[in-house]
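The structure that follows is given in the form of C-alpha cells.
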Amino acid sequence: MSWMKGFDVQYPFVDVSPFVGSSLLASLSFGFMIFTGLAVGGMVYALAAQVRGRRSIDPRWEQLSRATSSGVLNIMLFGVSLFGSLLWLAQTVLRPKAAEEFQKIFQVPMRYAWLVLLLGLVLLFLHSGRWNRLRSSFPAHFGVGSLAAVALFAVSALPVSIASFSMTPGFWHNTRSAWDAFLNPSFAAAYLVWGSYSLAVSGGAGLVYAALQKDDLWRSSLVGWLGVWTAVASIAGAVFTSIWVFVLFFRVAASVVPGVLTAALAVILSAFLIWVVVRRSEGFSLVLSVITAIALLTQGVGIYRIRAHLEGPFSIQGYLFRNGILISEIGEFSVSGLWRPAPWWRNEPPLSGVALGSFIFRAQCYSCHSKWLGKGGFPISNALRYEGDTLSFLSDFSSRHPQLPVFAGNGREKKSTARYIEKLIRDSGVSLSSQPPKSVPTVKVKTKSTPPSLKKNATPRNPVSLSVPGDSPVEANPASAKPAWPAGKSGNSSKGLAKNSRAPVKNLLPNAPPKEKNKSLVSGEGKNKKPMRSVVKDEKSRKSANRTAPNLEGEKP
Amino acid sequence: MIAAGFFSFEWTAWLTVVVLSMCVLFVCAMVAIPWTTAHLRFWGRRAGAKNELDAADFLGRHSSVCLAGVFFFGLLSYDLMVSRSPAKWFTTSIFWVPVLWTFPLLLVVWGGVFKFFEGASKIRRETNLAQIWAPVGSGVVAIIAVAVVIGLIVGVGNPSLWPQMRKSPLSVLTTFSFLYLMAFILFASALTGGVMLMLVGCRSFLWERGEPISMGARLICLGASTSLGGLVLLIVLMVVWLIAERLDPIREIMHSSRPLVLFMAIVLLGCVLGLLELFLSILRWRGNAPRASLAVAALLFVTVFCAISVYGLPQIQSPGQILLPQVPGLPRQ
C-alpha cells in the first residue's frame, strides 16, 4: 500500500461537468429523501391504521395497514436501496475525497446504523410477510411493527446527520470524535424537520391513494383521517424548519430566504389541508390530492435548497474544500506540489508547462469554474488584462479569491496554472496585452539605509516592480512581495476564510511551509515575531538593494 | 473498552469475513433462484407435477428476501472493504463507474421481474409462457450483475490493469482473472441453488403441510445432484489454480504465523469432504434427507466462511490491507 500514500490528487478525474455532477447528486439526494420519507412515514401510518382497524368493525382498515406495510417493504427494496446505492456511488465517483472523509468520520455510527437497519428489515419482513400468523396476537404483531418503525427512524438519522455535519461540524473540529460529528449543532433541528416531512410526504401519498378510492364513505373517512395527520405534520414541519433556519442563521445568513419560504409553504399547506381536507373531506378530489403532493414535493425541494445553499466552496465546512483538498494538506502541497505520479499513468512522463497547469486547474479550480473550459466560457475581467496579471492574481489568492483563499501547489505549478489560464483567456478570444510601461517613479536618493516599503496607496496585489526603462518588470525581493501563503492570524486570507465560512483558521496555520512563513515575517506582517537571523539577512539585503536600486517615491526616510 | 474492542481492527476483520460470506451466498442465490424457478416450471408443466410448480412459486415469492440480502450485505461489504482501503476501491470504482452504476439498476430489474410475475403466478400458470421466460430473463440479468461486481473486484485486486481501465473500462472483461472468477461464482451458484432446492424439498416433510413426501424427496435428490456437480467443478477449478500457482497458496498457509488460519484451512478441507459425503449419501442411500439437507446448508455457510477467512485473514494485519483480492484467479501480492 505504500504506493498509495502520497497521492496529492488521490483519485482520477471523472469527465463529467460539475453542473451535471451536482444535478445528478441533487436529484439522487432528492429521490433518496422522498423514498426514505415515504418508507419511514408509511410505517407510522401502517401502525396507526392497524390500531384503527382493531377498534373499527370495518375490515378495510386492516387491509389498508397490510397494504401499507407491504408497500413500505417494496419502497425500501426498490426505491431506498436503488437511490441510496446510486447516491453513494455518485458521491464516491464525483467527490471521492469527501466520500472517504465521511466514511472515516462516521465509521462508528455507520456500523450501528447497519446493525439497526438489519434489525429493521427483519422486523419489517416479519410484520408484512407473517401477517396471517401474527395477526392472532395483536400486541406481538403491533410490537414487531413498532420496533420496525423505530429502527427505520433511527437508521434515517445517519444520512440526516451526514448532511447536517457538512454544514455545521461544530465541536468536531476540536475533538474529532465520531459522536460529536454525528450530534453536530444542526443535527437535532434537521432531524426534526426531516421526521415531520417524512410524515407529511407519506400522508400526501396516502391522500392520492385515498382520492382514487371509489367508495365515497370510505374515501371520505380515509381523507379526513390522513388530512389531520398530514396537517399536523406540516405545522410541525413549519415550526421545526424555523428552528433549523434559526440554528443555521448564525452560520450563514443566506439560509434565511429559502428557510422562510419553505416554512411559509408548510403553513399554507397545513391551512389548506385543514380547510379543504379535514373540514370538507367528502368533496376531496384527485386534483386536490395532486396539488397537495406538488406542494409537499416543493417543500422537499426547499429543504434541499437550504442545505445546498450553505455548501459554498466546502464539502465539510472549514475542513475540506469541494475540490477534494483538505485545508490541512495545503501547507504540504505548497512545498511538494500537487502533481505526483499515480498508478494509472505509470509510464507517462511527468507533466510540465501548460499540461501541468491544465492538471492543476482540473484538480483545484474545475469544481467551481468548469464553465471556463467551454467555448468563450472565460469571463471577461478587468483584473486579468495584461500578461502576468494571472500570476499575480494567483500569488495574491488570499485577498483576491477569498472563497478558496489559498492556492494549493508549489511555485512551478502556480506559474504553469497562470500560463494555462492565460491560454484559456486567449482561447476565449480575448488578447492579453503585455504589461504597460509603468511610470518611472521619482527617485529620491537616500542618504541612510532604510528598508524599502510600498507607497501607502500603491496597489498591493501586483508584485512590486522596480521598473527600469526598457527592461521587463523585475519582481522585487521577497521582502517587498506579498506571500502566497496566508500571512498570519491577522492576515487577509484568514479574514477571507473566516468571513465566508467561519472556518477555523487555525487549521491553516500549523501546516504553512517554513519558507513561506519566513517570507511573511520578513514582509513585515509579523514584525514582532521576526527571528534575529532573518532580521540580519533582511538588513543585508536591504543594504544591497539600496546600493543597486533606487527607493520609491514618497517613502519616509 | 468494550466499544473499542467492538470496533477493533481484528473484530472488524472477522465481521468483514462474516458479511462477505453472507454476501457471496446471497449473490449465488440471486443467480440460482431464477434458473431454478424456470427449470421447475418448465419440467413441472411437462410432467404435470403440481409440487414443482408450487416450489417454483415459493422461490419466486421469496426473491424479495434475496434482493434485500444482496443489497444489504453487498453495500455493507463495500462499506467494510472501502473503510480498509478507500484509495484502491474508490479509484477502481471511478474507472469502473460506466459499468458499475448499472449494478443497483440490474438488481431492481431482477427483483421487479419476479415481483411483476409473482402476482400472475397462480393464474393460468399451466399455460402462461411468461412464467418461464421471465425467470430466464431475470437469470440473465443476475449473471450480468455478477459480472459487474467481479469486474470491480478484479480491478481492485490488480492495479496494473488501471491504465487499461482508464482507457477502456471493458478491458477488464477479457482478463483471465475475470473469466476465472466468473466461472467460480457460476459453479458456486449451482452449488447454492441445489442446497436451496433441498431446503424447499424439506418443507414437504413437515406433517402439517400435507404435501406428498415423495415430491419433497425428489426435490432433495435434484438439489443434491446439482450441488454435487457444482462442488466437483469448484474443486477442479481450485486444483487447477493451485497447480498454476505451483502450490504457493498452500505453502503460504502452512508457513503463516497465524495458527488460526491453518485451523481454518483444515476446517475448510473437512467441510468440503463433508459436503461431498453428504451429497453422495443423499443420492445413493437416501437416508434422513431433511435433516441431511439442513446439515448441508449449515456446512455450506461454514465452508464459505472458512474459504474467505483462509484467503483473507493472512493478509489482514494492518488497516491498509485489503481482503478480497486474494481470491483465486487474481495475481498474488
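Every chain is numbered from 1 and lettered A, B, ... according to where its sequence line falls, protein lines coming before strand lines. No experiment lies behind these values; they were computed from the predicted model shown.
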message: So B:Leu67 and A:Phe78, do their side chains get closer than 4.5 Å, heavy atoms only?
response: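 A:Phe78 vs B:Leu67: side chains touch.
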- request: Identify which of B:Ser64, B:Gly74, B:Ser93 forms the greatest number of heavy-atom pairs closer than 4.5 Å to chain A.
  value: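 Top count of heavy-atom pairs under 4.5 Å with chain A: B:Ser64.
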- prompt: Can you check whether A:Trp88 reaches B:Asp79 side chain to side chain, under 4.5 Å on heavy atoms?
  reply: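 A:Trp88 reaches B:Asp79 side chain to side chain.
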task: Could you grab the distance from atom OG1 of B:Thr92 to atom OH of A:Tyr11, nearest 0.5 Å is fine?
output: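 Going from the OG1 atom of B:Thr92 to the OH atom of A:Tyr11 covers 10.5 Å.
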task: Give, as side chain, backbone, both or neither, the part of A:Ala99 having an atom under 4.5 angstrom from any heavy atom of chain B.
output: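 Both parts, backbone and side chain.
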- prompt: Looking at A:Leu86 and B:Pro104, what are the two nearest heavy atoms and their distance?
  reply: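 A:Leu86 and B:Pro104 have their closest heavy atoms at CD2-CG, 3.7 Å.
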message: Does any backbone or side-chain atom of B:Phe72 lie under 4.5 Å from a heavy atom of chain A? Answer side chain, backbone, both or neither.
response: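 B:Phe72 touches chain A through backbone and side-chain heavy atoms alike.
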Which atoms of A:Leu73 approach chain B - backbone, side chain, both or neither, heavy atom under 4.5 Å: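 Looking at A:Leu73, nothing touches chain B.
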task: Specify which of A:Val14, A:Leu117, A:Leu94 makes the most heavy-atom pairs with chain B at under 4.5 Å.
output: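 Top option by heavy-atom pairs under 4.5 Å: A:Leu117.
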field: Region of B:Val108 in contact with chain A, defined by heavy-atom distances below 4.5 Å
entry: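 For B:Val108, backbone and side chain are both near chain A.
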message: Counting only non-hydrogen atoms closer than 4.5 Å, does A:Leu77 touch chain B with its backbone (N, CA, C, O), its side chain (CB onward), both, or neither?
response: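 Both parts, backbone and side chain.
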message: Which atoms of B:Leu105 are under 4.5 Å from chain A, going by heavy atoms: the side chain, the backbone, both sets, or neither?
response: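 Contact with chain A is through both the backbone and side chain of B:Leu105.
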message: Minimum heavy-atom separation for A:Gln103 and B:Phe90, please, with both atom names.
response: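 Reported closest heavy-atom pair: OE1-CZ, 3.8 Å.
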query: Considering only heavy atoms from C-beta outward, does the side chain of B:Phe71 approach that of A:Met76 to under 4.5 Å?
result: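 No - every pair of side-chain heavy atoms lies 4.5 Å or more apart.
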query: Is it the backbone or the side chain of B:Phe95 that comes under 4.5 Å from a heavy atom of chain A, or both, or neither?
result: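 Interface part for B:Phe95: side chain.
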message: Could you report the tightest heavy-atom contact between B:Ala68 and A:Phe125, atom names first, then the distance?
response: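 Here B:Ala68 and A:Phe125 meet closest at CB-CE1, 3.8 Å.
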message: Which atoms of B:Leu161 are under 4.5 Å from chain A, going by heavy atoms: the side chain, the backbone, both sets, or neither?
response: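 Neither part, no heavy atoms under 4.5 Å.
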message: Do A:Arg111 and B:Ser83 have side chains that approach each other closer than 4.5 Å (heavy atoms only, starting at C-beta)?
response: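 Yes, at least one pair of side-chain atoms sits under 4.5 Å.
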Between CH2 on residue B:Trp101 and CG on residue A:Leu89, distance to nearest 0.5 Å: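 Going from the CH2 atom of B:Trp101 to the CG atom of A:Leu89 covers 10.5 Å.
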message: Are the side chains of B:Tyr78 and A:Thr92 in contact, using a 4.5 Å heavy-atom criterion?
response: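 Yes; the side chains approach each other to less than 4.5 Å.
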